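Proteins come first, then strands; the chains are lettered A, B, ... in the order of their sequence lines, and each starts at number 1. Here the structure is a predicted model, which is why all the values come from computation and not from measurement. Side chains included, hydrogens not; waters and symmetry mates left out as well; all remaining heavy atoms used.
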Amino acid sequence: MLANDENRAQLRVRMAPSPTGPLHIGTARTSLYNYLTARHRGGTFVLRIEDTDVARSTTDFERDIIEGLHWLGITWDEGPQVAGGEDIGRYAPYRQSQRLDRYAAEAERLLADGNAYRCYCTSDELEAVRRKQEANHEPPRYSGRCRNLGDAERNAFEAEGRQGAIRFIVPPETVSWDDLVRGEVEFDNALLGDFVIVRADGSPLYNFTVVVDDAEMQISEVIRGEDHISNTPKQIALYRALGYPLPRFGHIPLILNPDRTKMSKRKSQTAMDEYRRQGYLPEALVNFLAFLGWSPGTEEEIFSLDELAERFELGKVHKGGAIFDKDRLDYLNGVYIRSLSDEQLALRLRPFLPDAAADQTVVRLVPLLKERLVRLGDAGELVGFLFETDATVASWYDGEDLVPKKREAADAASALRIVRDELSPLTDADWAADLLESRCRGIAERMGWKPGDLFKPMRVAITGRSVSPPLFGSMELVGREHCLRRMDDALAKLSGVGVGA
RNA sequence: GCCCCCAUCGUCUAGAGGCCUAGGACGCCACCCUUUCAAGGUGGAGAUCAGGGGUUCGAAUCCCCUUGGGGGCACCA
């Protein structure tokens, strides 16, 4: 008794994703809130895989979910640590597909205690009743037709080959709970029909399995999405019938599409892995997700996972939903990218760059794009010119782009020629940003051009575009030989257009 | 249709009766810096706190109603 009370005093939270799809942004956020709550209060965080829907659950999805959570830096104290792997924790197994015997036993107990019964209605019959109820403006609920079946009728159905699902008898009473984020919530269970807890084929259903597992795993606070509010009264009734102590419930607001509907794959990018592949940093995602529905109450806004764990309080979570604002995520991602050291950034950039980028080059690249990277995945686009072959490069130029505003093509050509000729005697060793810049500024001055006007044709010649990383740093990385050749190509292009040279 | 929940700038939010002529951030617009683009700096537009009633000396903050929005109503989770 004492031991049990001590257990209950211990905070235990859990995340129970079902592997019927890749890790969803919303699942990640709910996981994060559970994780932060556990860490903040020194509790235990449990991961349980709800794979009772055999038809839709796969280990690939389980892997995506587990790896995605790990990638975010979220860890759990109990549960499978690896997809398909061993469980850690004293309430193992943590996959519902491996806990079927427990549900069967509890269902039997409910049946024996008269809290549940077998129902032989077909889905067509059920559907017909539901339609009628809707037409009569009544709440759609099971009629209770099979609740008081006599032995004869039951035998007749079974003889017919009908299997019979198990329905839980919902006591017609008002239930209420003190929600961790919303306060007092009330619901009249008389509005509910007896719901199915075990399918005719013997497989248990969600509302039943969560209760059995949360109770056995001693979960003290159930923190989940707002879309579960209407499941709570059903589950409370089940807790009572089963004689389990009630946990506390906390329903966090939903993450929304821009049109304020529940965030969906159809309208938003919901797969966590997509964000990883685009080059969002887990730190940025975590920071961003934490603030979707919560704030520390100050004006600080950059927080690491550990700092969040220090500050996070479920009681400060909002009740209203929050739109997933991509612009803000992008901003935060930039902040985190810029906060990385050059070495760290180079490391993270590696998988996003073409193979041609040797590790050496990546490190030298970083200073050029650090300030202009929104996502790591944008790096290739930004510095692609470094890895192009000169043959492709030639196709970049169209005479127009090479010419600065208010200048003639002939001017651009002669300017480029001067630059080319003055730079070509430099050795490879001299080919460094500082020297190149001072030389070119000197040329501009002698020509009476604004530096920017001279740099424009050079930029296009070297990088193939009028927007690029800093010119001289880029030239240094491209190297003397290729720079000279690209300027020659540009020159040819300019004359090819037939305007001077 | 039935039930439940929610409601501060376009967005994320601060705000727990007087500190609010409502603060910050993103986005947006200017200007500065500047070799382009970014980044950075400065400034600006942007919310009669959904509307209406109360309670109170005093309400964004408490209560009620209305409106609007969302979620749930499965032998899915």
Quick test: give all pairs of protein nitrogen or oxygen and nucleotides 21-31 of chain B nitrogen or oxygen below 3.5 Å, distance rounded to 0.1 Å.
residue: B:G23; atom: O2'; partner: A:Glu299; partner atom: OE2; Å: 2.9
residue: B:G24; atom: O4'; partner: A:Glu299; partner atom: OE2; Å: 3.1
residue: B:A25; atom: O2'; partner: A:Glu301; partner atom: OE1; Å: 3.1
residue: B:A25; atom: O2'; partner: A:Glu301; partner atom: OE2; Å: 3.4
residue: B:A25; atom: O2'; partner: A:Arg328; partner atom: NH1; Å: 3.4
residue: B:A25; atom: O2'; partner: A:Arg328; partner atom: NH2; Å: 3.4
residue: B:A25; atom: N3; partner: A:Arg328; partner atom: NH1; Å: 2.9
residue: B:C26; atom: O4'; partner: A:Arg328; partner atom: NH1; Å: 3.3
residue: B:C26; atom: O2'; partner: A:Arg328; partner atom: N; Å: 3.4

Quiz item: When you compare B:A7 with B:G52, how far apart are their C1' atoms, in angstrom units rounded to a whole number?
Solution: 15 Å
Quiz item: Quick one: side chain to side chain donor-acceptor pair (under 3.5 Å) partners of A:Asp330, sequence neighbours excluded?
Solution: A:Tyr280
Self-check item: A:Asp179 to A:Gly250 - nearest heavy-atom pair and separation
Solution: OD1-CA, 3.5 Å
Self-check item: Which nucleotide in B:U11, B:A77, B:A38 has an atom nearest any side-chain atom of A:Asn207
Solution: B:A77
Quiz item: Among A:Leu111, A:Leu110, A:Ile166, which residue meets the side chain to side chain contact (heavy atoms under 4.5 Å, CB included) test with A:Val198?
Solution: A:Ile166
Quiz item: Which of these nucleotides, B:A77, B:C37, B:A39, is closest to any side-chain atom of A:Arg372?
Solution: B:C37
Quiz item: Planes under 30° and centres closer than 5.5 Å, is that true for A:His228 with the base of B:A77?
Solution: yes
Quiz item: Closer than 4.0 Å, any side-chain N/O of A:Ser123 to the OP1 or OP2 of B:C75?
Solution: no
Self-check item: Whether over 12 other heavy atoms sit under 6.0 Å from A:Glu381 CD
Solution: no
Quiz item: What nucleotide among B:U36, B:U35, B:G69 has an atom nearest to a side-chain atom of A:Arg260?
Solution: B:G69
Quiz item: B:C5, B:U36, B:A77: which one has an atom nearest the side-chain heavy atoms of A:Ser468?
Solution: B:U36
Quiz item: Is any side-chain N or O of A:Arg141 closer than 4.0 Å to OP1 or OP2 of B:C73?
Solution: no
Quiz item: Across the strands shown, which category fits A:Pro451 at heavy-atom distances under 4.0 angstrom: base, sugar-phosphate, nothing?
Solution: nothing
Practice problem: Among B:U36, B:C12, B:A74, find the nucleotide with the atom closest to the side chain of A:Ala322. | Solution: B:C12
Quiz item: What distance, rounded to whole Å, do you find between the two C1' atoms, one in B:U36 and one in B:C19?
Solution: 48 Å
Quiz prompt | Closest to side chain of A:Arg338, choosing from B:G40, B:G72, B:G70 | solution = B:G40
Self-check item: Over-ring placement of A:Arg167 relative to A:Tyr142, 6.0 Å and 45° cut-offs
Solution: yes
Quiz item: When you measure from the side chain of A:Pro139, which nucleotide among B:A77, B:C2, B:U35 comes out closest?
Solution: B:C2
Quiz item: Of the nucleotides B:C2, B:C12, B:U35, which one has an atom closest to the side chain of A:Phe291?
Solution: B:C12
Quiz item: Which value, in whole Å, describes the distance between the P atoms of nucleotides B:G27 and B:U42?
Solution: 15 Å
Practice problem: Counting heavy atoms from C-beta on, name the nucleotide in B:A77, B:U11, B:U35 closest to the side chain of A:Arg56. | Solution: B:A77
Practice problem: Mark yes or no: A:Lys234 above the aromatic ring of A:Phe168, with NZ or CZ under 6.0 Å from the six-membered ring centre and no more than 45 degrees from the axis. | Solution: no
Self-check item: Results of side chain to side chain donor-acceptor pair (under 3.5 Å) for A:Arg182 - residues two or more places apart only
Solution: none
Quiz item: Which part of the nucleic acid, if any, lies within reach of A:Thr463 when heavy atoms closer than 4.0 Å are counted: base, sugar-phosphate only, or nothing?
Solution: nothing
Self-check item: Distance-only donor-acceptor test (3.5 Å): side chain A:Asp227, base B:A77
Solution: no
Quiz item: Under 6.0 Å from the NZ atom of A:Lys326, do we count more than 12 heavy atoms belonging to anything else shown?
Solution: yes
Quiz item: Considering only B:C37, B:A14, B:A77, which nucleotide approaches the side chain of A:His318 most closely?
Solution: B:A14
Practice problem: In whole angstrom, give me the gap between the P atoms of B:C73 and B:C62. | Solution: 31 Å
